[in-house]
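Data block below; observations after.
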Amino acid sequence: MACPLPLRLLLVSNSRLHGEGYLAHCEEQMRSFFGGKVKRVLFIPYALHDRDAYAKTAREKFESLGYGLDSIHESSDPVEAVRKSEAIFVGGGNTFRLLKVLYDLNLIPEIRKRVLHAGIPYMGSSAGTNIATISINTTNDMPIVYPPSLEALGFVPFNINPHYLDPDVNSTHMGETREERILQYHEEPDTPPVLGLREGSILLVEGNRATLLGKNKARLFLRGETPTEHEPGADFSFLLTSS
């Protein structure tokens with residue numbers, strides 16, 4: 001039996017930065033990540049309601065970078081589409097809606113096989129990044145639908161909070177900050193690390209290495225410890241062996 005190929009993930013906090021177009025802030029990383037071997041990317045648009053419009057936006061971007069794009073919602077057999085895929089991109093939107101559809105269509109085990117055993121590249125943005133982790137417990141989204149489990153694809157043994165937002169010291173808002181909500185999560189026993197990815201931040205995973213890319217710092221939360229700040233280029237490989 002052939003050995004599984006190295007894990008390859010490009011986990012993006014957000015698909016748009018203020019003042020920039022769709023995925024414009026991570027074009028360089030996308031080109032490097034998919035390289036010249038990938039010809040077509042399978043797009044998973046289930047996090048948004050209007051899948052046709054979403055696929056059109058994603059297709060235009062990927063074609064501008066030299067890659068064909070097939071949207072899974074246009075396939076008569078989504079399972080087979082995953083099995084034949086040479087790369088996967090899961091877009092953002094509502095994480096609960098996305099995960100529920102993946103469970104409903106029995107795509108969770110199929111995506112795991114392609115990424116963990118066949119070694120195809122997986123790119124996620126926002127909700128697509130959330131589901132690449134151990135669970136969606138630290139999503140920012142409202143539970144507008146109920147997946148059968150909050151357990152996600154589990155490519156990495158920690159959680160990510162995309163769109164991580166720092167508190168506004170001038171705000172009079174009295175609701176919890178993002179940091180307070182993550183700390184509440186860590187009040188529960190046996191909860192894994194949470195990596196807060198600010199907009200413009202990207203986590204690249206290649207085999208047993210995880211590196212912070214992009215324009216902004218990330219904030220790491222370990223249960224029982226003071227959160228820490230990390231600059232672009234930071235090595236997060238130690239998180240891949242966390243338990």
Side-chain angles (χ1 to χ4, degrees), residues 7 9-15 44 46-48 88 90-109 111-112 115-116 122-167 173 175-199 201-205 210 212 216-230 234 236-243:
L7 182 66
L9 310 173
L10 189 70
L11 304 179
V12 183
S13 177
N14 55 301
S15 58
I44 299 181
Y46 296 139
L48 289 187
I88 292 174
V90 184
N94 186 279
T95 310
F96 292 91
R97 172 190 279 153
L98 170 61
L99 189 61
K100 183 179 186 301
V101 176
L102 295 182
Y103 272 111
D104 289 348
L105 297 180
N106 197 35
L107 294 175
I108 295 287
I111 296 172
R112 282 175 177 159
V115 175
L116 294 175
Y122 174 101
M123 176 180 171
S125 174
S126 190
T129 287
N130 265 323
I131 66 161
T133 70
I134 195 167
S135 76
I136 66 167
N137 287 82
T138 57
T139 179
N140 306 309
D141 300 329
M142 291 185 179
I144 60 174
V145 296
Y146 298 102
S149 170
L150 298 183
E151 180 183 337
L153 291 165
F155 295 147
V156 294
F158 55 90
N159 282 329
I160 288 177
N161 178 247
H163 305 274
Y164 180 78
L165 194 63
D166 294 295
H173 177 67
E176 296 99 332
T177 65
R178 193 69 56 78
E179 177 164 324
E180 287 171 336
R181 289 179 175 177
I182 294 172
L183 293 176
Q184 288 171 355
Y185 173 62
H186 276 158
E187 290 171 352
E188 298 300 315
D190 303 320
T191 41
V194 179
L195 184 61
L197 287 182
R198 294 180 176 89
E199 293 194 345
S201 296
I202 303 163
L203 186 69
L204 173 66
V205 178
L212 182 67
N216 291 314
K217 295 186 289 186
R219 191 162 178 84
L220 178 63
F221 297 82
L222 302 176
R223 187 173 185 270
E225 299 184 18
T226 301
T228 52
E229 288 288 319
H230 300 265
F236 283 118
S237 304
F238 65 95
L239 290 177
L240 299 177
T241 57
S242 64
S243 60

Exercise. Does S125 offer a backbone N or O that forms a donor-acceptor pair with the side chain of S15 under 3.5 Å?
Worked result: no
Problem set entry | Close side-chain approach of Y164 to F221, heavy-atom, < 4.5 Å | yes
Exercise. Which pair of heavy atoms, one from N94 and one from M142, lies closest together, and at what distance?
Worked result: ND2-O, 3.0 Å
Exercise. Are a donor atom and an acceptor atom from the side chains of Y185 and N159 found within less than 3.5 Å of each other?
Worked result: yes
Problem set entry | Closest approach of P147 to L150 (non-hydrogen atoms, all atoms of both residues) | CG-CD2, 4.4 Å
Exercise. L9 pairs by side-chain contact (heavy atoms from CB on, under 4.5 Å) with which of V205, L204, L153?
Worked result: V205
For this session: Taking the side chain as every heavy atom from C-beta outward, state whether L220 and H230 have any pair of such atoms under 4.5 Å apart.
Result: yes
Exercise. How far apart are the closest heavy atoms of A152 and I136, and which atoms are they?
Worked result: CB-CG2, 4.2 Å
Exercise. Under the 3.5 angstrom rule, does the side chain of T177 hit a backbone N or O of E180 as a donor-acceptor pair?
Worked result: yes
Problem set entry | I202 side chain reached by L11 side chain, heavy atoms, under 4.5 Å | no
Exercise. If you look at every heavy atom in F158 and P193, which pair is closest and at what distance?
Worked result: CB-O, 3.4 Å
For this session: Applying side-chain contact (heavy atoms from CB on, under 4.5 Å) between L203 and each of L239, L195, L10, report the one that passes.
Result: L195
Exercise. I44 versus L102: any side-chain heavy-atom pair under 4.5 Å?
Worked result: yes
Exercise. Does a side-chain heavy-atom distance below 4.5 Å link V90 with I88?
Worked result: yes
Problem set entry | For R219, salt bridge (Lys or Arg N to Asp or Glu O under 4.0 Å) partners two or more places apart | E179, E229
For this session: Kindly compute the distance separating CG (L165) from CZ (R181), expressed to the nearest 0.5 Å.
Result: 10.5 Å
For this session: With sequence neighbours left out, write down each residue that passes side-chain hydrogen bond (donor to acceptor under 3.5 Å, both in side chains) with S126, or none if nothing qualifies.
Result: H163
Problem set entry | Residues R198, D166; criterion side-chain contact (heavy atoms from CB on, under 4.5 Å); working and verdict | CA-CA 9 Å; R198 294 180 176 89; D166 294 295; 2.7 Å; yes
For this session: Please confirm whether the backbone N or O of N216 pairs with a side-chain atom of S201, one donor and one acceptor, at under 3.5 Å?
Result: yes
Exercise. Is there side-chain contact between T139 and I131, with at least one heavy-atom pair below 4.5 Å?
Worked result: no
For this session: Would you mind reporting whether V194 and I160 have side-chain heavy atoms less than 4.5 Å apart?
Result: no
For this session: For T95 and N130, test the side chains for any donor-to-acceptor distance below 3.5 angstrom and give the result as yes or no.
Result: yes
For this session: Please determine if E151 and R112 form a salt bridge, counting it only when a charged side-chain N lies under 4.0 Å from a carboxylate O.
Result: yes
Problem set entry | Test item: side-chain donor near acceptor, N140 and R178, under 3.5 Å | yes
Exercise. Between T129 (side chain) and V12 (backbone), is there a donor-acceptor pair under 3.5 Å?
Worked result: yes
Problem set entry | Heavy-atom check, side chain of I134 versus side chain of V156, under 4.5 Å | no
Seminar exercise, completed: Looking only at heavy atoms, the pair that brings S13 and L197 closest together is OG-O, 2.9 Å
For this session: Test ring-ring contact (aromatic ring centres under 6.0 Å, His included) on Y122 and F155 and set out the steps.
Result: CA-CA 10 Å; Y122 174 101; F155 295 147; 5.3 Å; yes
For this session: Mind listing the closest non-hydrogen atom pair of A127 and A47 along with its distance?
Result: CB-CB, 4.3 Å
